Every structure is written in structure tokens, then in C-alpha cells.
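Single-structure report; data block below.
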Amino acid sequence: MRIRRLHSWDLDPARAIRLQEELRTRVRLVPPPSRPRIVAGADCAFTPDGKTVVAVVVALELPSLREAARAEGRAPVRFPYVPGLLSFREAPALLQAFRRLPLVPDVVLFDGQGLAHPRRMGLATHLGLWLELPTVGVAKSRLTGRAPDPGPLRGSYRTLRDAGEPLGRVLRTRDGVRPLYVSPGHLCDIPGAARLVLRTGRGFRLPEPTRLADREVGRLARRPPA
DNA sequence: GCGACAG
DNA sequence: ATCTTGTCGC
């Protein structure tokens, strides 16, 4: 798919924070498509030497959840891991994978936060602006905000908030398993984000698009380039 | 100054 | 993210 360049990724942490504060004004929290045809999932991993970021995007068809396409991207690591600035470390590789993807998804799920971020600009939100597509943040642990524990069954959830402001949901995607931190990225809202995650799940903790991307990127990172 | 801290 | 064996549970 074609992607419009929004800005440079060659920044230092201080400038990255200023950019996030500037970009947050462009985010739109609106209901995502109710009947998406193609839902993609993206994730990253690092090569054993820690010098390269490998990204994989897997696009699935709904409601069958059958694979429609997948693509890989690589980029040198040129930004440190700083909580709150994850997109500056992983986006270059992710964007290359999307440029190589032979179709345009209706929605994209990312491994990380969306709105549930200190400046409301998590990885899913930032990439949503670049892709100009509805995106959802699906994180395995908390970055910002608090919420009571959700019930023990799949589907139960509690609103994640920061000083009263709703940021997303702590959602149980499998009975008795640690919940996921789901928040809207761009062109999405809180109920829509949670609904998309539940609709693309198959009984595993992670929704299928993200789970398949995660599994594939893990193997690729430990094997020569394609 | 002391914790907290996506991947 | 990544380093790492066995082990508890269904």
C-alpha cells in the first residue's frame, strides 16, 4: 500500500516528545468501520545482535480470519527504548512492511498502546496518522492509566483511566488469563477498539492478526533476510 | 529525591 | 524486546 510521508524519524528523544505533542491534535477518535473486511496485525522483533528491527504485518479476512496477505520490513535500530517513545524505535521497519503489503487493510492492530499513553500518542496512534487508517493499540501490559481488575471471564473489562479521563479498556480475552490493555489508535474509539479485538480473537490471549504477526516476526528475526 | 516505565 | 530450565496445570 502507498503511504504518505508525514515527517522524519531521525530525531532525538527531546524532539520526539515535541513532535508527539504537535501530532496529537490531528488524532480523530471516531467509531471505526463496523464491518471491516480486512483486519491487519503488526509486530516487531530484534535480530540477535540487536542491530536490526524486523517487522511483520499479517492481513486477515473477516469473518473467516483467513490470511489475505503478509509482508516483512527491516530497518537499523537508531533510537533507544524509552517508555513513551516506542514508535520512534519501531515505526521505520513497520512502515516498510506496510509499503510492501499488496492491499489496504480496513483496520490495523498494533502490539503496544494507542490513546493509553502519557501524551495520548502511543505506537498505534502514531502509525494510524501515517497510514491514515483506523488503528487499535493492543498491549500486554500497562504504560499509563489505572483500572480495577476485570472479571475472570473472556469479554469482561474495566475502563482504563488517567485522572478520570477514559483511555481504553483492560480487557480479558480468555478466561482466567492476564488481560490486555486495549485503546484506540486513530480513527477509532474505545468501544470500537474493544469490539474489534474480541471479534478477531480465536481463544488465545492475543487477537489473531497480532498473534500471527508476533509468531512470524519471532522466527524471521532469528533467520537470514528474505 | 523516590518510583514507574508499551516493546 | 532479549537472556534462559524446569515446572505447574489442563
Side-chain angles (χ1 to χ4, degrees), chain A residues 9 13-14 16-17 19-20 23-24 27 41-58 72-97 108-129 135-147 152-154 160-163 167-171 173-186 188 190 193-194 197 203-207 209-223:
Chain A
W9 290 104
I17 289 175
L19 177 59
Q20 291 183 323
L23 294 176
R24 66 185 301 183
V27 179
D43 190 26
C44 291
F46 295 78
T47 49
D49 63 16
K51 292 181 178 175
T52 306
V53 188
V54 182
V56 167
V57 182
V58 176
E72 173 196 346
R74 292 185 184 241
V77 174
R78 41 176 171 163
F79 200 91
Y81 169 66
V82 180
L85 300 180
L86 185 62
S87 57
F88 295 89
R89 187 171 165 80
E90 306 191 333
L94 284 167
L95 290 170
Q96 184 180 69
V108 184
L109 272 38
F110 286 94
D111 191 343
Q113 314 288 348
L115 223 211
H117 174 281
R119 290 168 292 284
R120 314 298 181 252
M121 276 294 299
L123 174 69
T125 306
H126 201 162
L127 271 289
L129 289 176
T135 57
V136 180
V138 183
K140 296 181 292 298
S141 61
R142 188 194 75 87
L143 173 62
T144 300
R146 299 189 323 173
L153 304 181
R154 169 185 163 84
L160 179 67
R161 309 169 173 279
D162 181 23
L167 299 181
R169 290 179 179 177
V170 177
L171 176 67
T173 52
R174 242 195 114 170
D175 292 2
V177 166
R178 274 191 307 152
L180 253 26
Y181 291 74
V182 179
S183 61
H186 180 48
C188 187
I190 295 175
V197 168
F204 290 97
R205 181 158 91 119
L206 295 179
T210 294
R211 194 179 73 85
L212 295 178
D214 181 51
R215 199 229 289 164
E216 173 73 344
V217 82
R219 292 180 306 206
L220 283 177
R222 291 178 182 65
R223 197 68 47 179

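FYI, side chains are in, hydrogens and waters are out, and symmetry mates aren't considered; it's all heavy atoms of this structure. Chain naming here is simple, since letters A, B, ... match the order of the sequence lines and numbering starts at 1 in each. In this text the structure is predicted, and so the values were computed from the model without any measurement.
Here the P atom of nucleotide C:dA1 and the CG atom of A:Leu123 are 13 Å apart, to the nearest Å. Summarising the geometry, the separation between CG on A:Leu160 and C1' on B:dA6 is reported as 12 Å, rounded to the nearest angstrom. The nearest whole Å value for the distance from the CG atom in A:Leu220 to the P atom in C:dA1 is 15 Å. Going from atom CZ of A:Arg89 over to atom P of C:dA1 covers 11 Å, rounded to whole Å. Distance CD (A:Gln113) to P (B:dA6): 8 Å, rounded to an integer number of Å. Nucleotide B:dG7 holds its P atom 10 Å from the CG atom of A:Leu206, rounded to whole Å. A:Leu127 has its CG atom 13 Å from the C1' atom of B:dA6, to the nearest Å. Summarising the geometry, the separation between CZ on A:Arg146 and C1' on B:dA4 is reported as 13 Å, rounded to the nearest angstrom.
Here the CZ-CD distance, from A:Arg74 to A:Gln96, works out to 9.5 Å after rounding to the nearest 0.5 Å.
Between A:Thr144 and B:dA6 there is no side-chain polar atom (N or O) within less than 4.0 angstrom of OP1 or OP2. When the side-chain nitrogen and oxygen atoms of A:Lys140 are compared with OP1 and OP2 of B:dA6, none of them lie within a distance under 4.0 Å.
With distances taken from any side-chain atom of A:Glu90 to the nucleotides C:dT2, B:dA6, B:dG7, the minimum falls on B:dG7. Side-chain atoms of A:Arg142 lie closest to B:dA4 of the nucleotides B:dA4, B:dG7, C:dT2.
When heavy atoms are screened at a 4.0 angstrom cut-off, A:Gly137 is found touching no nucleic acid atom at all. Residue A:Leu85 is classed as a base contact, given a heavy-atom separation below 4.0 Å to a base.
Remark: ring of A:Tyr81 stacked against base of B:dG7; centroid gap under 5.5 Å, plane tilt under 30°.
Closest approach of A:His186 to A:Val27, counting heavy atoms only: ND1-CA, 3.6 Å.
Crowding of A:Arg178 atom CZ: a count of heavy atoms from other residues, nucleotides or ligands under 6.0 Å not exceeding 12.
Side-chain contact check for A:Lys140 versus A:Arg205: some heavy-atom pair is nearer than 4.5 Å.
For the pairing with A:Phe110, the side chain to side chain contact (heavy atoms under 4.5 Å, CB included) check across A:Leu86, A:Val57, A:Thr135 returns one residue only, A:Thr135.
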